[in-house]
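The figures that follow rest on heavy atoms only: side chains count, while hydrogens, waters and symmetry mates do not. Numbers here are sequence positions counted from 1. For ligands, and for the atoms within them, numbers begin at 1 and follow the listed sequence.
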Amino acid sequence: MKMWAGRFREPLDAEFARWQRSFPFDRRLLPQEVAASAAYAEAIFAAGVLTAAEVAQIVDALAAILTQSVASPQFLEDDDAEDVHHFVEKNLVALIGDVGYKLHTGRSRNEQIATDLRLFVRESIDQLIAQIAELGSVLLARAESAGLAAMPAYTHLQRAEPVLVAHWLLAYFEMFLRDAERLADCRKRVNLCPLGSGAIAGSTIQLDRAALAQALAFDGPTANSMDATADRDFALEFVNALSLLALHVSRWAEEMILFSTQEFALVDPPEEYSTGSSAMPQKKNPDLLELARAKSARVLGCATALQVATKGLPLAYNKDLQDTQQPLFEAADTLLTLLPLVAQWIAKVQFLHERMQFAAQDGFLNAFAAATYLSSRGVPFRLAHECIGRAVQLALEKGCLLDGLSLAELQSIHPAFEAGESGFFAALKLEPVLQYHDNSGGTAPAQVKQALAKARQRLGAVQAG
Ligand code: ARG
């Protein structure tokens, strides 16, 4: 029996009926629907709507429906069920007769779907935070074991300055930690219970909404029935947080694609996550990275779809909201399947340390430090910059690096250049160049050591929830 057929004379057009159903995609909400329905049954029993025998019958039948869905996936192949709410009601009635219809007393699918989706988003957030913590822990482990290894860092994709490999990995750690924090913050607004909002104006039953919320581990009930049934902010916030997370994955993937080219040759992607070419025998293609970049685009698309679908909706429930489920699921699924692969790739990628170390000392990456050397000898930085610029130009003409210039050549540019232990040539070496950046957030080894220790603590806090 349909949930609403009473006032209709004509049956639905068959094609329209099929087309408007949400069961093909909302059936994945069955566990949430069953949990919320069992809690609701207890709440209306407490309010005197059901007898003790009826509530027991309903709760048992709900559990049986869930068990059967797990035992036989065929059970969910139901062409008649309009949505997950209808499916549960149909099967309740099949199991226990008309008592099954009593569960819908004072209830609307509008509050049910809002509740189911909040439960879904809450679970997804918890899983994703755990996955991000795992990813963070892999990044941190690799950073900790990188020791004093250095690499070139880029601005404008041009070699800029050397940094510690650990410092570079910690940059990604920061991005992903922000994502975990954003999701944890979003969870606060997700974790409120719409049940008891009715279709739009609130429940007609004296429900204990606080107890109902508590039974489903929500922090409390939602405050306004019109908002609660119309609101999908929690889904939008979630998917927007995911779009930033996906964007971080995409930026990382792009950098790894570049770093694994023969031109950069700073990392060697793990074979387990690369493929060959059917035409060119020499190829090892970074497929995981490329697909990660593409899948991130889809998540951004999901966030856009949700925003555009909701932006024109007057209060309260509109059927458009049914169509926000798929982008929500797609965004969650995309990241839930992607993040573990990213973590494994990072765990297994080989850093080409020799090449990194060489590149960190090649190509004038010490020019900024060289200018700092001159300014520490009293030359105003702007002028020091100019002098080192001229020294770079001279070295380029000669086909050498800064340390290939003679003291006489340098002093012809500025008399402040000196040789010796604390002189210019000593200052050009990798160690002092890194050491120059000895302030919090910088790449000097002592700073990075502290940053690693702090990162451990912060990761512990995320893992502890
Ligand atoms: N399947 C619907 C959805 O996902 C359930 C709510 C239906 N409410 C209604 N008033 N027709 O939005």
Look at Arg182 together with Asp185 and state whether they make a salt bridge at an N to O cut-off of under 4.0 Å.
no
Quick one: does Asn191's side chain have a donor or acceptor within less than 3.5 Å of a partner on Ala217's backbone?
yes
Return the closest protein heavy atom for atom 10 (N) of ligand 1 as residue, atom name and distance.
Asn110 OD1, 3.1 Å
Just by modelled atom types, is the Ala81 backbone N or O under 3.5 Å from a matching donor or acceptor in the Arg21 side chain?
yes
When you measure from the centre of the six-membered ring of Tyr172, is the NZ or CZ of Arg251 closer than 6.0 Å and no more than 45° off the axis?
no
Taking only heavy atoms of Asp83, which atoms of ligand 1 are found under 4.0 Å from at least one of them?
1 (N), 2 (C), 5 (C)
Cut-off 3.5 Å, side chains only: do Tyr154 and Glu255 have a donor facing an acceptor?
no
If the cut-off is 4.0 Å to any non-hydrogen atom of His85, which atoms of ligand 1 fall inside it?
5 (C)
Run the numbers for me: atoms of ligand 1, each under 4.0 Å from some heavy atom of Tyr317, listed by number.
2 (C), 3 (C), 6 (C), 7 (C), 8 (N), 9 (C), 10 (N), 12 (O)
Is the shortest distance from a heavy atom of Glu82 to ligand 1 less than 4.0 Å?
no
Polar proximity ligand 1 side, Ser22 side, N/O cut 3.5 Å exclusive:
yes
Per-atom contacts of ligand 1 with Gln325, taking only distances under 4.0 Å to non-hydrogen atoms
3 (C), 4 (O)
Nearest-contact summary for atom 11 (N) of ligand 1 - protein heavy atom, Å:
Arg109 NH2, 3.6 Å
Counting each atom of ligand 1 from 1 as listed, which ones have a heavy atom of Gln322 under 4.0 Å away?
1 (N), 2 (C), 3 (C), 4 (O), 12 (O)
Would you call the rings of Phe176 and His248 parallel, tilted or perpendicular if under 30° counts as parallel and over 60° as perpendicular?
perpendicular
Report the residue from His85, Gln322, Glu82 that forms a side-chain hydrogen bond (donor to acceptor under 3.5 Å, both in side chains) with Arg109.
Glu82
